[in-house]
Amino acid sequence: MSEQHVYTHGHHESVLRSHRRRTAEDSAAYLLPHLRPGLSLLDIGCGPGTITLDLAARVAPGAVTAVEPTDDALDLARAEAQRRNASNLAFVTSDVHALGFPDDTFDVVHAHQVLQHVADPVCALREMRRVCVPGGVVAVRDADYAGFVWFPRIPLLDRWLELYDTAARANGGEPDAGRRLLSWAQQAGFDDITPTAGMWCYATPDTREWWGGMWADRILQSDLARQLVTSGLSNSDELEAISAAWRDWAATPDGWLGIPHGEILCRA
């Protein structure tokens, strides 16, 4: 089985604006206490590489391998590695359902916001377990879209969430992956699992402006926007209205948004 190749978000600038903001501290805090210099680490679905490079700094001189399904996607992380002058990284194209590495290769296997997009998350976790050394760590974190919560309630934002859920499922994904990680890990054969949860919160003027402005652009210009229109799920007028609703939310002095994430730390 091959990995889900229709990545719902795509790689428009508005999407990368979101991904490049991520750090190991705000996206992998549950994993950081388990890292130390000299460990080898596999980062699956590395995206633009900001988390990857943070992790690489923590395990240096240990080797880090960054994986994406296409070489074009890996170019984003290569650029970040060059910008930071990092030397302990390798870049490999591979399918998370059939990772191109021998058994027992890495001390740590990490995936952030990946399993929600793949065709078979249980198969992916089995592969992550296979390439992890005995006693090593498999660490996975995914958002749970049905758990998104915001104030004030704006009906067009409810519609945004409905449209995203429909589009993601049409692409073979599971947008509510966060709550399923423990179940998937059990099905994949792990019996030493530490489940936790994390939250991103955007409630200050600066973070509201960033998130609201990012999604105001994203709902009009990303691959998701094109999919919604070409599939007939929505139209340009509705997407313009949703874009304006995100900007209205961002300008609300008491606006608040919380994004829950499931996390699992598994011993191989």
Side-chain angles (χ1 to χ4, degrees), residues 3-32 35 41-59 63-84 86 88-97 99-100 106 108-119 121 124-125 127-128 138-145 164 167-168 171-175 177-178 181 198 200 210-211 214-215 217-218 221-225 227 259 261-263:
E3 186 173 4
Q4 175 60 45
H5 290 292
V6 181
Y7 176 49
T8 301
H9 298 291
H11 296 94
H12 184 265
E13 181 278 329
S14 58
V15 177
L16 297 179
R17 196 188 317 164
S18 171
H19 294 178
R20 286 182 172 130
R21 186 184 177 96
R22 297 172 183 171
T23 66
E25 286 72 21
D26 72 19
S27 299
Y30 72 107
L31 170 62
L32 297 185
L35 301 182
L41 186 146
L42 175 66
D43 192 24
I44 299 172
C46 61
T50 53
I51 299 173
T52 315
L53 270 293
D54 286 352
L55 298 177
R58 288 177 179 261
V59 301
V64 172
T65 303
V67 162
E68 278 283 354
T70 70
D71 203 53
D72 286 346
L74 276 177
D75 282 343
L76 299 169
R78 288 189 182 101
E80 182 68 13
Q82 184 175 18
R83 187 183 72 81
R84 297 200 202 183
N88 61 328
L89 270 85
F91 302 92
V92 177
T93 59
S94 194
D95 181 345
V96 70
H97 297 98
L99 292 166
F106 301 98
V108 180
V109 181
H110 170 260
H112 184 262
Q113 312 291 14
V114 172
L115 294 191
Q116 64 186 278
H117 298 294
V118 305
L125 280 163
E127 273 296 278
M128 295 169 74
V138 173
V140 178
R141 187 175 195 256
D142 268 277
D144 194 300
Y145 276 76
Y164 178 78
N171 291 335
E174 174 48 78
L181 296 182
W200 286 337
W210 172 76
W211 176 269
M214 180 268 296
W215 263 107
D217 293 341
R218 199 159 157 178
Q221 302 171 30
S222 68
D223 285 6
L224 170 64
Q227 178 185 350
I259 301 176
H261 293 78
E263 303 162 344

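Note that the numbering runs from 1 along the sequence shown for the chain.
- Looking only at distances, no side-chain donor or acceptor of Asn171 sits under 3.5 Å from a matching main-chain atom of Gly173.
- With Phe106 as reference, Thr65 is the one residue of Leu41, Thr65, Val138, Leu99 to meet the side chain to side chain contact (heavy atoms under 4.5 Å, CB included) rule.
- Trp200 places no side-chain N or O within donor-acceptor distance of the main-chain N or O of Ser27, the cut-off being under 3.5 Å.
- Of all heavy-atom pairs spanning Asp54 and Arg84, the tightest one is OD1-NH1, 2.8 Å.
- Nearest heavy-atom pair, Glu127 versus Val96, reported as atom, atom and distance to 0.1 Å: CB-O, 3.3 Å.
- Remark: the backbone N or O of Val140 is paired with a side-chain donor or acceptor of Tyr30 at under 3.5 angstrom.
- Judged as a salt bridge (Lys or Arg N to Asp or Glu O under 4.0 Å), and not counting sequence neighbours, the contacts of Asp75 are Arg78.
- The backbone N or O of Ala56 lies less than 3.5 Å from a partner atom in the side chain of Asn88, making a donor-acceptor pair.
- Between His110 and Met128 the shortest heavy-atom distance is C-CE, 4.4 Å.
- When atom types are taken as modelled, the side chain of Gln113 and the backbone of Ala143 share a donor-acceptor pair closer than 3.5 angstrom.
- A distance of 7.5 Å separates OH in Tyr164 from CG in Leu224, rounded to the nearest 0.5 Å.
- The main-chain N or O of Tyr7 is never found under 3.5 Å from a side-chain atom of His9 such that the two would form a donor-acceptor pair.
- Of all the heavy atoms in Leu74 and Cys46, the pair that sits closest is CD2-SG, 3.8 Å.
- Rounded to the nearest 0.5 Å, atoms OG1 (Thr52) and CD1 (Ile44) are 11.0 Å apart.
- Residues Pro69 and Thr93 approach most closely at O-CB, 4.2 Å, considering heavy atoms.
- Taking CG of Asp43 as the reference point, atom CD of Glu68 lies at 9.0 Å (rounded to 0.5 Å).
- Judged purely by atom type and a 3.5 angstrom limit, Thr50 uses its side chain to pair as donor or acceptor with the backbone of Arg22.
- Between the side chain of Asp142 and the backbone N or O of Gln116 there is at least one donor-acceptor pair closer than 3.5 Å.
- Put simply, CG on Leu35 and CZ on Arg58 are 7.0 Å apart, with the number rounded to the nearest 0.5 Å.
- Judged purely by atom type and a 3.5 angstrom limit, Ser94 has no side-chain atom pairing as donor or acceptor with the backbone of Val67.
- Within the 3.5 Å criterion, the main-chain N or O of Leu53 finds no donor-acceptor partner in the side chain of Glu80.
- Leu55 and Ala24 make their closest contact through CD2-CB, 4.0 Å (heavy atoms, listed as atom of the first residue, atom of the second, distance).
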